[in-house]
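Read the structure below first, then the notes.
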2 protein chains.
Amino acid sequence: MISIVVENYLKTILKTEDQSRKASTSNIARDLSVADATVTDMFQKLQKAGLLEYKPYYGATLTKQGRMIALKILRRHRLIELFLQKVLGYGWAEVHEEAEKLEHAVSELFVERLDQLLNFPVKDPHGEVIPDAQGFRATLEDICLAEAKPGEYTLRRVTSGDPEFLSYLEREGLVPSNRFSLVEKLPFQGPLKIMLKSSEAPRFIGLEAARKVYVTPTPPLAEGRRKAADHPPARGRRKAVGRRQLAEIERRDTLLSTRHEFARASQHPA
Amino acid sequence: MISIVVENYLKTILKTEDQSRKASTSNIARDLSVADATVTDMFQKLQKAGLLEYKPYYGATLTKQGRMIALKILRRHRLIELFLQKVLGYGWAEVHEEAEKLEHAVSELFVERLDQLLNFPVKDPHGEVIPDAQGFRATLEDICLAEAKPGEYTLRRVTSGDPEFLSYLEREGLVPSNRFSLVEKLPFQGPLKIMLKSSEAPRFIGLEAARKVYVTPTPPLAEGRRKAADHPPARGRRKAVGRRQLAEIERRDTLLSTRHEFARASQHPA
DNA sequence: TTTTTATATTAGTCTTATCTAAAAATTGAT
DNA sequence: ATCAATTTTTAGATAAGACTAATATAAAAA
Ligand SMILES: [Mn+2]
Ligand SMILES: [Mn+2]
Ligand SMILES: [Mn+2]
Ligand SMILES: [Mn+2]
């Protein structure tokens with residue numbers, strides 16, 4: 001049986017690979033708040049178990065099997081976050097911590113029922129894509145705010161679970177699907193001057209914060225690019241069956257320019 | 001921090017005390033499917049931690065502190081079971097196993113939100129009382145079917161989490177609030193002949209099964225006995241606030257003759 | 001290319017939770 | 001009250017996960 005600890009290792013490695021950071025023992029150790037030596041040890045065990053490839057001194061990469069498990073946990077995590085927000089009224093900043101524990105405790109049945117209840121959602125409260133039951137993920141076409149040029153943007157995604165940080169962003173009005181102008185980037189690694197569409201007060205966001213925020217230009221790119229890709233891909237039967245009275249959940253984020261990607265063999269399960 | 005394992009020990013001891021069985025090492029070992037020696041060891045640790053009193057060779061009793069923790073887990077377990085049934089559409093027989101894991105993973109916040117969402121329920125899907133946030137429990141006035149005399153009864157409670165057994169009872173129509181007649185008890189530890197109010201076919205229920213089923217006479221006892229005790233006790237504010245659109249959950253089991261009991265110092269928290 | 005610095009691995013220890021086998025205490029039956 | 005049967009406890013081992021300190025390797029500087 002795969003322990004909670006192993007699930008967390010695999011998920012962390014997956015996220016590290018997604019960011020194209022190297023899954024070195026030190027990187028993973030920092031993310032998991034354990035000693036480097038602990039990770040070395042675990043990498044050896046996980047390799048023996050066939051969940052990752054590991055070359056001493058060169059870090060690890062997930063095997064297909066390891067990746068599938070990681071994707072399963074990631075799916076759970078994100079569905080649970082959305083559930084906490086939509087059904088139990090959790091705040092944006094509160095969902096991550098709770099999901100971090102629940103993701104290891106729920107059954108397959110629970111996850112699939114959640115998926116139904118939430119009407120097969122595509123994104124979690126932070127704008128992150130929810131993998132489907134087979135481990136497929138839509139691909140986000142957003143860019144990092146820290147690298148964006150001045151212009152009009154819609155906020156798409158925030159890559160952090162830190163409650164302090166998320167509360168801060170919320171206070172600044174920086175939540176997914178909100179629009180703003182990036183007025184300028186101040187020199188010498190300075191903050192970004194932005195202007196929310198709703199209010200008129202200009203705000204300044206530090207570069208470190210901006211690195212965790214992803215956006216798309218507003219208005220969207222030429223019509224040509226928006227073909228079928230714009231709607232969430234049909235996956236499985238989406239019968240009215242079981243869709244309970246949580247109508248407000250419906251507002252599927254169709255604004256988002258996502259594209260379903262079956263490609264990338266390494267990412268493709270089985 | 002209290003581990004999952006410790007939580008399970010405490011909950012199991014509480015349930016054992018509730019049934020006025022002795023919390024001997026062997027009883028607890030059987031319930032938890034571990035070796036007797038393991039329990040001896042754990043009892044010693046738990047005593048050192050102040051969670052129970054333990055006299056070698058004479059079994060354990062929970063301290064106030066241990067009892068409070070056990071009641072907290074029991075509350076979680078039962079609220080989660082009801083949630084699984086009412087919100088995620090789990091079957092009667094499926095809820096226990098899932099709750100057994102989730103009870104160790106959810107936060108206080110989660111539990112209180114569930115309580116709101118379910119509109120402060122009093123009983124779980126098996127008819128067991130849900131302790132309130134302070135650990136108080138309504139007292140059930142039901143009797144064991146195995147000891148009942150022929151007559152008219154309403155089923156109130158089933159003390160089992162075993163899916164096989166629960167599915168069996170469900171097929172036989174023996175679920176909480178269903179009515180039936182106990183026609184006779186066959187001699188020599190024989191089965192009970194019962195007749196459901198709805199259908200006409202007589203059914204036979206083994207004595208072992210009957211021991212896990214609790215009932216109250218139908219119609220209820222003289223009007224005199226039914227005073228204020230009949231409605232679920234006011235606990236905390238029960239504002240309309242937060243009561244979401246799960247109207248079907250409303251049907252609070254007011255039929256049940258429960259009585260709120262603040263008494264029993266040993267059971268009274270703090 | 002050698003030396004220094006940063007990173008990673010190995011070795012040895014600890015804690016929690018579990019087991020089996022042997023010894024001790026209690027219970028029940030003469 | 002004594003002996004036999006049952007139950008419980010002690011002792012010794014194991015496995016997972018983690019830590020610290022010491023050692024080895026790789027990368028960067030000189
Ligand atoms: Mn998260
Ligand atoms: Mn986690
Ligand atoms: Mn249960
Ligand atoms: Mn449990």
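Order of the sequence lines fixes the chain letters, A, B, ..., with proteins taken first and strands second; residue numbering starts at 1 for each chain.
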Query raised in the report: Partners of A/Glu164 by salt bridge (charged side-chain N to carboxylate O under 4.0 Å, His left out), sequence neighbours excluded?
Result: none
Query - Atom CD of B/Glu112 with >12 non-hydrogen neighbours under 6.0 angstrom - result: yes
Requested in this report: Any chance you could list the contact pattern along nucleotides 2-13 of chain C? Use B for base contacts, S for sugar-phosphate-only contacts and - for none, protein heavy atoms under 4.0 Å, 5' to 3'.
Outcome: ------SBB---
Query raised in the report: Does the side chain of B/Ile13 reach to within under 4.5 Å of the side chain of B/Leu52, using non-hydrogen atoms?
Result: yes
Report task. Flag the pair B/Glu128 and B/Arg137 as a salt bridge only when some basic side-chain nitrogen lies within less than 4.0 angstrom of an acidic carboxylate oxygen. Result -> no
**Report entry** Residues B/Tyr9, B/Leu46; criterion side-chain contact (heavy atoms from CB on, under 4.5 Å); working and verdict
**Finding:** CA-CA 9 Å; B/Tyr9 271 89; B/Leu46 294 181; 4.2 Å; yes
Report summary line: Quick note, ring-ring contact (aromatic ring centres under 6.0 Å, His included) partners involving residues 53-82 of chain B, not counting sequence neighbours, are B/Phe43-B/Tyr54, B/His77-B/His96
Report summary line: In this structure, CG of B/Leu155 is separated from CG of B/Leu145 (nearest 0.5 Å) by 7.5 Å
Query raised in the report: Would you say A/Arg113 and B/Tyr90 make side-chain contact, with heavy atoms under 4.5 Å?
Result: yes
Requested in this report: Output the residues of residues 4-15 of chain B in contact with DNA chain C, where contact means a heavy atom of the residue under 4.0 Å from an atom of the strand; sort by number or write none.
Outcome: B/Val5, B/Tyr9
Requested in this report: Would you kindly give the CE-to-C1' distance between B/Met1 and C/dT15, to the nearest whole Å?
Outcome: 17 Å
Query raised in the report: Pairs in or reaching into residues 43-63 of chain A: which pass salt bridge (Lys or Arg N to Asp or Glu O under 4.0 Å), with residues at least two apart or in two chains?
Result: A/Asp41-A/Lys45
Sort me out a list of protein N/O and nucleotides 12-16 of chain D N/O pairs below 3.5 Å, or just none if empty.
none

Query - Which atom of B/Arg78 lies closest to which atom of B/Asp124, heavy atoms considered - result: CG-OD2, 3.3 Å
